[in-house]
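Numbering of ligands and ligand atoms starts at 1, following listing order. Just so we're clear, the structure is a prediction, and the values are computed from it rather than from any experiment. All heavy atoms count here, side chains included; hydrogens, waters and symmetry mates do not.
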Amino acid sequence: MYEFIKPILFKFDAERAHHITLAGLQLAYQLGLTSFLPKMPSAPREFFGLSFPNRIGLAAGMDKNADYVDALASLGFGFIEVGTVTPRPQIGNPRPRVFRLVQEEAILQWLGFNNKGVDHMAAQLEKCRYRGVLGINIGKNSNTPNDQAMNDYLYCFRRLWKYASYIAVNVSSPNTLGLRDLQAKEVLFHLLFALKDEQKNIHISHQKYVPLLVKISPDLSAEAIADVADVVMKLNIDGVIATNTTINHEGEKGGVSGKPLQYLNTAVIRQLHSKLRDNIPIIAVGGIMDKSSAQEKFAAGASLLQVYTGLIYRGPNLIRELL
Ligand SMILES: Cc1cc2nc3c(=O)[nH]c(=O)nc-3n(C[C@H](O)[C@H](O)[C@H](O)COP(=O)(O)O)c2cc1C
């Protein structure tokens, strides 16, 4: 069906097409139509103490506000990551800010964390029926200086942990000025140390262990990747999500996702895995467009996969193909 809808969607501005698609999916879900979708083969696995019905997840950014979780879950994902959410709502950069690079099977965007803030997300998740694995990807507001970034992450964590199967700490989006500087060894250590401490407090006071993952950029040097791995191992961070979009492209600004990211992403995973081994799971996200790119990520050491741009070019059938 997606093959019929795609040419129509591709006539619209990419961000508009995104909203039309999600509204359409939501409507189909509310009308009960998605219950006719064939069930996914079950392929359960355990990571960070969570049971995943399968290893193919939805990447952050598709549902930034947790407005569509139930509808998206009906497509058969093994897990869903919502966000990036920031403490206060923000509108992001002026439009147009999302573009399809059709020849390259890529997306270029500089959204800049447009989202409705933690209170809206909490209200949405309160109503949500989905009981599968739900990751919540958290960030900082663009007007919060980096030396106060920790407060934003702690605020999001405290406000949202009770809805989350895991929390993903996003320090890698290229469209919030200075965000990626939070990946520097000392800075990252302090940030994750504080969040680990909060994880412990919540575990003690509420008997819920909320795994903490960090999402990194594909544009880190080999040395910087080794530094991230060091911090992750020292602090017992539960997992790493690799990677966000790349700024390594010909355009003047923004992050690129999809096929051009594939090999760069796999190289990061391979390098991370050489340090983390199988002790700390890696979620691979970047340029997974078909079966062979997915196999490449597992061969490089990934435990779980997430998709975003592949869904735009291939539709939800991609999930079944990967499974
Ligand atoms: C339109 C768009 C919005 C995104 N928004 C976010 C976001 O809010 N937070 C985040 O961590 N990653 C975000 N991403 C990055 C994706 O989660 C993913 O890491 C990246 O696109 C690479 O995967 P892909 O090649 O399968 O798209 C976004 C990507 C796209 C294309």
Salt bridge check: are [X] and [Y] linked by an N-O gap of less than 4.0 Å?
X      : Y      : value
Arg314 : Asp290 : no
Asp13  : Arg97  : no
Arg159 : Asp119 : yes
Lys116 : Asp67  : yes

N or O pair under 3.5 Å between [X] and ligand 1:
X      : answer
Gln109 : no
Asn170 : yes
Lys215 : yes
Gln306 : no
Ala60  : yes
Gly258 : yes

Of Thr309, Ile283, Ile312, which has the heavy atom at the shortest distance from atom 24 (P) of ligand 1? Thr309
Can Thr243 be said to touch ligand 1, with heavy atoms closer than 4.0 Å? yes
What heavy-atom pair brings Thr86 and Asn141 nearest, and what distance separates the two atoms? OG1-ND2, 3.2 Å
Would you say the side-chain atoms of [X] pair up with the backbone N or O of [Y], donor to acceptor, closer than 3.5 Å?
X      : Y      : answer
His249 : Gly251 : yes
Gln124 : Asn65  : no
Tyr308 : Ile288 : no
Lys140 : Tyr153 : no

Identify, by atom number and element, the atoms of ligand 1 in contact range of [X], meaning under 4.0 Å from any of its heavy atoms.
X      : value
Ala59  : 17 (O)
Leu111 : 1 (C), 3 (C)
Gly61  : 4 (C), 5 (N), 6 (C), 7 (C), 8 (O)
Gly287 : 24 (P), 25 (O), 26 (O)
Asn244 : 10 (C), 11 (O), 12 (N), 15 (C), 19 (O)
Leu261 : 22 (C)

Determine whether Ile247 and Leu264 fall in the same hydrophobic cluster, where Ile, Leu, Val, Met, Phe, Trp and Tyr are linked whenever their side-chain heavy atoms lie under 4.5 Å apart. no
Identify the protein heavy atom lying closest to [atom], giving its residue, its atom name and the separation to 0.1 Å.
atom                    : answer
atom 9 (N) of ligand 1  : Thr84 OG1, 2.7 Å
atom 20 (C) of ligand 1 : Thr245 CG2, 3.9 Å
atom 1 (C) of ligand 1  : Tyr308 OH, 3.4 Å
atom 21 (O) of ligand 1 : Ser257 CB, 3.1 Å
atom 8 (O) of ligand 1  : Lys64 NZ, 2.8 Å

With backbone taken as N, CA, C and O and side chain as the heavy atoms from C-beta onward, which portion of His18 lies under 4.0 Å from ligand 1: side chain, backbone, both, or neither? neither
I'd like to know whether the aromatic ring centres of Tyr163 and Tyr130 sit less than 6.0 Å apart in this structure. no
Any chance OH of Tyr263 has more than 12 other-residue heavy atoms, nucleotides or ligands included, within less than 6.0 Å? no
